[in-house]
Amino acid sequence: MTPTARHGGDLAGIEQHLDYFSDLGVTALWFTPVLENNMTGGSYHGYATTDYYKVDPRFGTNEEYKQLIEKAHARGIKNRNGHDFSTTAA
C-alpha cells in the first residue's frame with residue numbers, strides 16, 4: 001500500500017448504514033472531503049480538491065450525495081462537510 005492511497009468506503013455504503021447510525025443515536029455525520037480530488041501524485045486525505053462542484057467519482061455522484069443527505073435528514077441526522085477551504089492544496 002502506498003501512503004497516498006485512498007482508504008475507506010463510498011456514499012452508498014454510508015447510505016446503507018443510516019438505520020444503524022440512527023439506532024445508535026447518531027445525530028450528525030462528519031465526512032472528510034468528498035469533492036473531486038485528482039491531484040497529481042495522489043492525496044489520501046481529500047484536501048486537494050480539483051473540482052469544487054463535483055463529488056469524487058470514487059465516492060459516488062452528486063445525485064447520490066444529495067440523496068444520502070436527504071435520507072439522513074429524514075432520520076434526523078445532520079451532515080457536516082469536512083472541507084476546510086483554508087487548507088486547499090495547490
Side-chain angles (χ1 to χ4, degrees):
M1 181 173 1
T2 63
T4 57
R6 277 310 203 33
H7 310 286
D10 58 16
L11 300 173
I14 296 169
E15 185 177 324
Q16 291 167 6
H17 290 87
L18 285 175
D19 287 334
Y20 173 70
F21 297 142
S22 184
D23 290 345
L24 286 174
V26 170
T27 59
L29 300 172
W30 189 336
F31 301 148
T32 56
V34 297
L35 299 175
E36 186 177 83
N37 177 354
N38 286 327
M39 185 175 102
T40 303
S43 167
Y44 70 92
H45 46 65
Y47 287 101
T49 298
T50 55
D51 188 337
Y52 287 94
Y53 297 99
K54 183 178 176 188
V55 168
D56 193 307
R58 291 171 281 203
F59 294 124
T61 65
N62 286 16
E63 187 57 37
E64 289 171 326
Y65 183 74
K66 181 180 174 188
Q67 180 177 306
L68 167 61
I69 300 308
E70 289 171 353
K71 288 184 175 186
H73 287 175
R75 290 168 175 81
I77 300 173
K78 299 173 189 77
N79 170 256
R80 163 58 162 94
N81 292 315
H83 199 99
D84 180 351
F85 292 97
S86 68
T87 59
T88 299

Checking Asp56, Ile69, Leu68 against Leu11 for side-chain contact (heavy atoms from CB on, under 4.5 Å), the one that qualifies is Leu68
Of Tyr47, Phe59, Tyr52, which meets side-chain contact (heavy atoms from CB on, under 4.5 Å) against Leu35? Tyr52
I need the Lys66 NZ to Glu63 CD distance, nearest 0.5 Å. 5.5 Å
Identify, with sequence neighbours excluded, every residue that meets side chain to side chain donor-acceptor pair (under 3.5 Å) alongside Asp19. Arg75
If you look only at pairs with a residue in residues 20-39, which of them pass as a salt bridge (charged side-chain N to carboxylate O under 4.0 Å, His left out), with sequence neighbours excluded? Glu36-Lys54
CZ on Arg80 to CG on Leu29, rounded to 0.5 Å: 12.5 Å
Are the side chains of Asn38 and Asp51 in contact, using a 4.5 Å heavy-atom criterion? no
Would you say Ile14 and Trp30 are hydrophobically clustered, going by side-chain heavy atoms of ILVMFWY under 4.5 Å? no
To the nearest 0.5 Å, tell me how far Asp10 CG sits from Arg58 CZ. 12.5 Å
Indicate yes or no for a side-chain donor-acceptor contact from Thr61 to the backbone of Glu64 under 3.5 Å, with no hydrogens or angles considered. yes
Rounded to the nearest 0.5 Å, what separation is found between the CD1 atom of Ile77 and the NZ atom of Lys71? 12.5 Å
Should the ring pair His17 and Phe21 be called parallel, tilted or perpendicular, given that the plane angle runs from 0 to 90° and is split at 30 and 60? tilted
